[in-house]
Amino acid sequence: APRKNVSSEMLRKLFELSRFFKIGIVTGSDVGYCLEQCGQRILSHRSMMSTRERRLLNSIDLLPCNGTKKYSLEDGSWVLKHANNMIKHLGVERYNNVVSKILMLQASLIEEAKRDFNWDVPVSGNFLSYRGSTVNWSMLGRNYTQEQRKEFVLNENKDLLRSKYRDLLIDILDKETADVIDFVFGGETGLDIYPKGWDKTYALRHYKDRDIIFVGDSCKKGQNDYHIYKKLSIKNRAFSVRNTKDTLDLIDFFLKNLN
């Protein structure tokens, strides 16, 4: 199902902020979703900008898959500058072991979710998404409609379900494999699975000589902003927001103190 695009108001604020900062948009999703939600909208606004304004867009990077991929804007196109590979890092045998265990658990999850977690949304297929450097396990399935996704997201038991199956996956994997992989909530419907250290702190490697400020909405332990939020909050450079409005208000605060 299509995801909601970034709003025109958010784009305007990001463009204004790019006058002062290098901006990296980091997400657990792969580049396709990243382009769908914001990358293509940035390009469509670019066509209406002056040459000077277009140069500011070079200050914006897309960082899919927790920053294990990096895309920069060159001559009106997003160009891949960096990518890492989970299968090469873990080895085919270990990677296949993880995937086979997920598929085994998915079969039991469908029956148990209705019985124990009051979840009766029809599953849609396409449960696993390999993104090069991460695997996303969508328990609902990636072919869901927006209505099905909303029903799952609003289910008060969804995080209990995800927590239970995250713990089950860790338990049935051999210890050597489980110890070198992280398993965290990915967005609102699934789990992100990747080698340890490939959480969103990976994105910091692209900006080693800069003072980084991070803004995220999934900063609790077990969520996919937790590690980078924890690392940068020590320096008072991490901000947890609840929604788009909080983010816009925070950008306004930064701009007010810069002007």
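Quick caveat, the model's predicted, so the values are computed rather than measured.
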About how many Å separate [atom2] of [Y] and [atom1] of [X], when rounded to the nearest 0.5 Å?
X	Y	atom1	atom2	result
Asp75	Asn58	CG	CG	8.5 Å
Arg205	Thr68	CZ	OG1	9.5 Å
Thr134	Asn84	OG1	CG	11.0 Å
Asn257	Asp252	CG	CG	11.0 Å
Asp217	Asp246	CG	CG	9.5 Å
Asn136	Asp30	CG	CG	10.0 Å

Non-hydrogen side-chain atoms of [X] and [Y] separated by less than 4.5 Å:
X	Y	value
Met86	Ile193	yes
Pro64	Tyr71	yes
Phe21	Ser59	no
Ser8	Arg41	yes
Gln40	Leu35	yes
Leu128	Ile102	yes
Trp137	Met139	yes
Tyr207	Ile212	yes

- request: Please assess Lys235 against Asp211 for the test salt bridge (Lys or Arg N to Asp or Glu O under 4.0 Å), listing each intermediate value before the final yes or no.
  value: CA-CA 10 Å; Lys235 302 177 181 179; Asp211 292 327; over 6 Å; no
task: Show the numbers, then the answer: is there a side chain to side chain contact (heavy atoms under 4.5 Å, CB included) between Thr201 and His227?
output: CA-CA 6 Å; Thr201 60; His227 292 289; 4.0 Å; yes
Do other residues, nucleotides or ligands put more than 12 heavy atoms under 6.0 Å from the [atom1] atom of [X]?
X	atom1	result
Lys22	NZ	yes
Arg210	CZ	no
Arg115	CZ	yes

query: Can you pull the salt bridge (Lys or Arg N to Asp or Glu O under 4.0 Å) pairs that have at least one residue in residues 191-203, sequence neighbours excluded?
result: Arg131-Asp192, Asp182-Lys196, Lys200-Asp225
Are [X] and [Y] joined in one hydrophobic group, where the rule is that I, L, V, M, F, W and Y side chains link up if heavy atoms are under 4.5 Å apart?
X	Y	result
Phe127	Leu169	yes
Tyr33	Leu63	no
Val184	Val98	yes
Val215	Leu232	no
Tyr229	Leu250	no

For [Y], is there any backbone N or O sitting under 3.5 Å from a side-chain donor or acceptor partner on [X]?
X	Y	value
Ser18	Phe15	yes
Gln223	Lys220	yes
Ser7	Met10	yes

task: Check side chain to side chain contact (heavy atoms under 4.5 Å, CB included) between Asn97 and all other residues, then give those that pass, not counting sequence neighbours.
output: Ser100, Lys101, Leu173, Asp174, Thr177
If I compare all heavy atoms of [X] with all of [Y], which pair ends up nearest, and what's the gap?
X	Y	answer
Ile25	Cys38	CD1-SG, 4.1 Å
Ala238	Ser233	CB-N, 3.6 Å
Leu43	Gly76	CD2-O, 3.5 Å

query: Under 3.5 Å, is there a donor-acceptor pair between the Glu112 and Tyr165 side chains?
result: yes
message: Ignoring hydrogens and geometry beyond distance, is a side-chain donor-acceptor pair present between Ser72 and Asp61 at under 3.5 Å?
response: yes
- request: Please report the C-alpha distance between Ser29 and Cys34 in whole Å, then the side-chain angles of each, then the deciding distance to 0.1 Å, and finally whether the side chain to side chain contact (heavy atoms under 4.5 Å, CB included) criterion is met.
  value: CA-CA 7 Å; Ser29 297; Cys34 198; 5.7 Å; no
- prompt: Stepwise, does the side chain to side chain contact (heavy atoms under 4.5 Å, CB included) test hold for Leu62 with Leu73?
  reply: CA-CA 9 Å; Leu62 300 183; Leu73 197 58; over 6 Å; no
- request: Give every residue pair that meets the ring pair (Phe, Tyr, Trp, His ring centres under 6.0 Å) criterion with at least one member in residues 74-97, sequence neighbours excluded.
  value: His82-Tyr202, His82-His206, His89-Trp198, Tyr95-Tyr130
task: In sequence, state the C-alpha distance, the side-chain angles, and the governing distance for Asn66 and Tyr194, and then conclude on side chain to side chain contact (heavy atoms under 4.5 Å, CB included).
output: CA-CA 10 Å; Asn66 293 345; Tyr194 46 74; 3.2 Å; yes
message: Under a 4.0 Å threshold between the charged nitrogen and the carboxylate oxygen, would Glu9 count as salt-bridged to Lys245?
response: no
message: Taking the six-membered ring for Trp, are Phe254 and Phe239 closer than 6.0 Å centroid to centroid?
response: yes
task: Validate the cation-pi geometry between Arg162 and Phe185: distance from NZ or CZ to the six-membered ring centre under 6.0 Å, angle to the ring axis within 45°.
output: yes
